[in-house]
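Here the structure is laid out as structure tokens; the discussion comes afterwards.
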Amino acid sequence: MNIESAFADGKVRLYLSGELDHHAARAVMTEIEEKLDLLLPQDCVLDLRDVSFMDSSGIAVVMKTYRRMHAIGGRLWVENVPPQPMKVLDASGIDRLISISALMQARRRT
């Protein structure tokens with residue numbers, strides 16, 4: 001699992017790539033918390049476009065990020081979620097707390 005970030009105007013975008021499973025979740029959360037504590041953003045976007053697999057540990061990462069952003073007075077969005085991770089998030093009902101948007105596939109021209 002790899003995390004890259006971009007920060008501008010009080011908004012941090014965290015780009016996650018790879019597999020977000022129980023093996024990676026603890027390290028991912030530690031890195032996210034460090035970035036949030038350093039930047040203290042008003043808004044945080046978890047961009048999951050390059051997450052190839054996610055299990056329930058990914059839900060824990062999203063919820064912990066949500067709680068951390070709430071604690072610092074910020075907001076969280078989850079964007080560009082591919083189909084497999086979206087199934088996991090949909091099953092959790094987490095979208096009642098957090099705005100989640102699916103990865104929009106480019107339409108093929110025929």
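Sequential numbering from 1 along the given sequence is applied to the chain's residues.
To the nearest 0.5 Å, atom CG of residue Leu76 and atom CZ of residue Arg67 are 11.5 Å apart. Remark: Lys11 NZ to Cys44 SG distance equals 10.0 Å, nearest 0.5 Å. The line from CG of Asn2 to OG of Ser17 is 4.5 Å long, rounded to the nearest 0.5 Å. Taking CD1 from Ile94 and OG from Ser99, the interatomic distance works out to 11.5 Å, rounded to the nearest 0.5 Å. Atom CD1 of residue Ile3 and atom CD1 of residue Ile32 lie 4.5 Å apart, to the nearest 0.5 angstrom.
Pairing each heavy atom of Pro82 with each of Pro85, the nearest pair is O-CD, 3.3 Å. Across all non-hydrogen atoms, the minimal contact from Ser92 to Ile59 is CB-CD1, 3.5 Å.
Under the 4.5 Å side-chain heavy-atom criterion for grouping Ile, Leu, Val, Met, Phe, Trp and Tyr, Leu16 is not connected to Leu103 through any hydrophobic cluster. Under the 4.5 Å side-chain heavy-atom criterion for ILVMFWY residues, a single connected hydrophobic cluster contains both Met86 and Val62. Note: the hydrophobic cluster containing Val81 also contains Met1 (ILVMFWY, side chain heavy atoms under 4.5 Å, direct or indirect links). Put simply, Leu40 and Leu36 are part of the same group of oily side chains (I, L, V, M, F, W, Y) that touch within less than 4.5 Å, one to the next. Under the 4.5 Å side-chain heavy-atom criterion for grouping Ile, Leu, Val, Met, Phe, Trp and Tyr, Leu14 is connected to Phe7 within one hydrophobic cluster.
The residue from Asp43, Leu39, Leu46 that alone fulfils the side chain to side chain contact (heavy atoms under 4.5 Å, CB included) condition with Val12 is Leu39.
Side-chain atoms of Asp95 do not come within 3.5 Å of backbone N or O of Ile98 as any donor-acceptor pair. Side-chain atoms of Glu79 do not come within 3.5 Å of backbone N or O of Ile100 as any donor-acceptor pair.
Residue-environment remark: CG (Asp9) stays at or below the threshold of 12 foreign heavy atoms within 6.0 Å. Residue Glu4 places its CD atom among 12 or fewer non-hydrogen atoms of other residues, nucleotides or ligands, all under 6.0 Å distant. Within 6.0 Å of the NZ atom in Lys64, the count of heavy atoms belonging to other residues, nucleotides or ligands does not exceed 12.
Looking at Met54 and Gln84, their side chains come closer than 4.5 Å, going by heavy atoms from C-beta outward. Contact annotation: the side chain of Asp21 never approaches that of Ser57 to less than 4.5 Å [non-hydrogen atoms, C-beta and beyond]. Using a 4.5 Å heavy-atom cutoff, the side chains of Leu48 and Asn80 are not in contact.
Salt-bridge annotation for Asp37 and Arg68: present, with a side-chain N of the basic residue lying under 4.0 Å from a carboxylate O of the acidic one.
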